[in-house]
Protein chains: 2
Amino acid sequence: MDYNGVCMLSFCGQDNGTIDANGRVKFSPRIFSDFKEKCDCEVVLHALPEGALAVYPEDIYSNMRRGEAKPAESAGGSLVFRRNLRSFGAFSSSERISAQGRITIPPAFRERLGLVPNNEIVVVGVEIGVEIWSIELWSEELSKIDEHAIEKGEREMAADLVINNGG
Amino acid sequence: MDYNGVCMLSFCGQDNGTIDANGRVKFSPRIFSDFKEKCDCEVVLHALPEGALAVYPEDIYSNMRRGEAKPAESAGGSLVFRRNLRSFGAFSSSERISAQGRITIPPAFRERLGLVPNNEIVVVGVEIGVEIWSIELWSEELSKIDEHAIEKGEREMAADLVINNGG
DNA sequence: CTTGTATTTGGATTTATATGGATTATTTTG
DNA sequence: CAAAATAATCCATATAAATCCAAATACAAG
């Protein structure tokens with residue numbers, strides 16, 4: 001069942017939280033409800049290079065990974081191919097969200113992402129799933145997003161000044 | 001049976017471990033479960049040139065080698081082909097994972113890969129199987145993977161700033 | 001060929017850790 | 001202000017890791 005009768009937007013908003021002593025994160029009721037509905041709590045965790053832990057419903061992740069044709073045949077002869085398998089295999093993991101809405105961050109991912117026990121974290125909705133950020137890395141990421149948007153806007157304005165006879 | 005009812009992704013994640021005094025590595029319950037399911041614990045070990053020991057289910061390894069068609073006919077006339085056969089022949093070996101989830105690294109592979117008794121190792125999931133790395137070589141490999149991902153991301157963001165009239 | 005020794009292999013026991021649930025406190029909402 | 005819902009804490013159980021030990025095998029010497 002959907003959350004409080006509100007169902008239009010899935011996986012949105014930001015929730016602050018902490019990682020408990022055993023490396024577990026608890027989702028807010030809203031996010032928990034979305035995962036129950038979309039994938040019966042079966043998710044894939046993927047450590048992103050920019051420093052966040054993505055949490056996607058399983059089918060979303062499958063679609064992302066589809067298109068890797070014939071992995072076995074290609075792995076023997078190609079270093080590029082093996083590195084590709086490594087960067088997805090090593091940084092992904094199937095997990096299940098518990099009945100209390102908690103998920104354990106695999107130890108191998110913790111250091112890398114700043115997601116160590118007792119730290120403050122932010123759960124960020126990204127429409128197709130959520131991302132878990134350490135509070136420090138999230139504020140850095142926000143700055144980068146802002147910076148990029150401002151730069152892009154300025155370029156757009158500059159382009160608008162150029163007379164375009166073809167228009 | 002699959003592990004904990006979670007089965008979508010096989011052979012994923014990273015597990016730290018050690019090689020015991022007799023040169024044996026123990027797989028995590030997850031990885032062990034994947035091998036039981038996929039190949040009844042019959043695997044092929046293959047020492048990769050980048051310094052890891054690949055552990056593949058037997059049929060995966062067969063598929064990998066199938067790309068190299070008709071070895072008998074080709075071997076007579078081609079040095080490249082003979083060398084290919086040699087490097088796979090010399091650096092591969094069939095093994096069976098024990099009932100406790102342990103595997104013995106053949107002595108011939110140890111020195112070459114830094115996989116000597118009492119060393120720290122990392123078992124890395126690569127979707128079609130796993131790789132066993134010495135902790136030192138793995139952190140070097142990780143740096144290379146990270147560097148590549150970061151460079152790729154920066155180029156993508158830079159491209160997004162360019163005004164595209166065709167859009 | 002036989003016996004003694006060393007090595008290796010597999011399994012059992014102990015110790016530590018992680019998981020899930022229950023309880024209590026806090027906050028929110030009507 | 002009361003009731004419900006959510007968050008935080010704590011604890012019991014289950015699970016996995018580490019250590020240790022015994023059996024089996026291989027090896028060497030006599």
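The sequence lines fix the lettering, A, B, ..., with proteins before strands; numbering per chain opens at 1. Predicted model, so just to flag it, every value in this text is computed and none were measured. The analysis underlying the following values was restricted to heavy atoms, covering all of them including side chains, and did not include hydrogens, waters or symmetry mates.
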Distance check needed: [N] [atom2] versus [X] [atom1], whole Å only.
{"X": "A:Ile19", "N": "C:dA18", "atom1": "CD1", "atom2": "P", "result": "14 Å"}
{"X": "B:Asp15", "N": "D:dA18", "atom1": "CG", "atom2": "C1'", "result": "16 Å"}
{"X": "A:Asp20", "N": "D:dA7", "atom1": "CG", "atom2": "P", "result": "15 Å"}
{"X": "B:Arg96", "N": "C:dT9", "atom1": "CZ", "atom2": "C1'", "result": "14 Å"}
{"X": "A:Lys26", "N": "C:dG21", "atom1": "NZ", "atom2": "P", "result": "12 Å"}
{"X": "A:Phe27", "N": "C:dG20", "atom1": "CZ", "atom2": "C1'", "result": "17 Å"}
{"X": "B:Arg30", "N": "D:dA16", "atom1": "CZ", "atom2": "C1'", "result": "14 Å"}
{"X": "A:Ile97", "N": "C:dG21", "atom1": "CD1", "atom2": "P", "result": "15 Å"}

Revision key, fill the gap. Result for 5'-nearest mapping on DNA chain C, choosing between A:Pro107 and B:Ala99, is B:Ala99
In terms of side-chain heavy atoms of [X], which of [options] is nearest?
{"X": "B:Arg102", "options": "C:dG10, C:dG20, D:dA17", "value": "C:dG10"}
{"X": "A:Arg24", "options": "C:dG10, D:dT6, C:dG20", "value": "C:dG20"}
{"X": "B:Asn22", "options": "D:dA16, C:dG20, C:dT9", "value": "C:dT9"}

Exercise for review: Return no unless some side-chain N or O of A:Thr104 is found under 4.0 Å from OP1 or OP2 of C:dT19.
Suggested key: yes
Point to revise | N/O (side chain, A:Gln100) to phosphate O (OP1/OP2, C:dG21) under 4.0 Å | key: yes
Practice item. Kindly indicate whether the side chain of B:Trp133, heavy atoms from C-beta on, has any atom under 4.5 Å from the side chain of B:Gln14. Key: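 Result no, sub-4.5 Å side-chain heavy-atom pair not found.
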Check your understanding: Can we say A:Arg82 and B:Glu50 salt-bridge, meaning some charged N sits less than 4.0 Å from an Asp/Glu carboxylate O?
Key ->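 Here A:Arg82 pairs with B:Glu50 in a salt bridge, since their nearest N and O are under 4.0 Å apart.
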Review point. Are A:Lys38 and A:Asp34 ion-paired here, with the side-chain N under 4.0 Å from a carboxylate O?
Key: no
Point to revise | Aromatic ring pairing A:His46/A:Phe88, orientation class (parallel under 30°, perpendicular over 60°, tilted between) | key: parallel
Point to revise | NE2/A:His148: more than 12 non-hydrogen atoms of other groups inside 6.0 Å | key: yes
